[in-house]
Amino acid sequence: MKKTGKGLNNEELWRKRRDGTVFPTLTNNWLLRDKNGHPSMLCATMVDISELKQREAELAASKKTLETMLNASAI
């Protein structure tokens with residue numbers, strides 16, 4: 001089987017847990033082909049990026065706070 005760049009798909013998707021909560025994932029999909037070049041299998045990986053998204057939100061909030069403080073200062 002050969003991994004091909006064709007059909008490669010990388011994206012952020014929201015998934016739902018069995019308890020009904022949703023969470024962000026980084027999803028990678030790629031197509032595997034047989035020795036004749038025919039599609040034979042689709043493979044995928046999904047990684048929970050909840051913590052990354054939380055840190056991004058915290059960083060954005062911190063940046064906004066610092067910009068507000070700087071703009072309000074007499075400098």
Could you check if a side-chain atom of D48 sits within less than 4.5 angstrom of a side-chain atom of R17, using non-hydrogen atoms only?
->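 Yes - at least one pair of side-chain heavy atoms lies under 4.5 Å apart.
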
Between [atom1] on residue [X] and [atom2] on residue [Y], distance to nearest 0.5 Å:
| X | Y | atom1 | atom2 | result |
| --- | --- | --- | --- | --- |
| N10 | N28 | CG | CG | 4.0 Å |
| E11 | T25 | CD | OG1 | 8.5 Å |
| L66 | N71 | CG | CG | 11.0 Å |
| W14 | T27 | CH2 | OG1 | 12.0 Å |
| L31 | C43 | CG | SG | 8.5 Å |

Check whether F23 and I49 end up in the same hydrophobic cluster, where Ile, Leu, Val, Met, Phe, Trp and Tyr are linked by side-chain heavy atoms less than 4.5 Å apart.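 No, F23 and I49 fall in different hydrophobic clusters.
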
- Query: Any link between W30 and M41 through a network of hydrophobic side chains (Ile, Leu, Val, Met, Phe, Trp, Tyr) touching at under 4.5 Å?
  - Reply: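 Linked within one cluster.
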
**Study point:** For the student: nearest non-hydrogen atoms of K53 and P24, plus distance
**Key:**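 Nearest heavy atoms, K53 then P24: CG-CG, 3.7 Å.
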
Salt bridge check: are K64 and E67 linked by an N-O gap of less than 4.0 Å?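 The answer is no: the pair does not qualify as a salt bridge.
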
Between S62 (side chain) and E58 (backbone), is there a donor-acceptor pair under 3.5 Å?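 Flag not set: sc S62 to bb E58 has no pair under 3.5 Å.
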
Should the heavy atoms of other residues, nucleotides or ligands under 6.0 Å from CD of E51 be counted, would the total exceed 12?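 At most 12 heavy atoms, drawn from other residues, nucleotides or ligands, come within 6.0 Å of this atom.
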
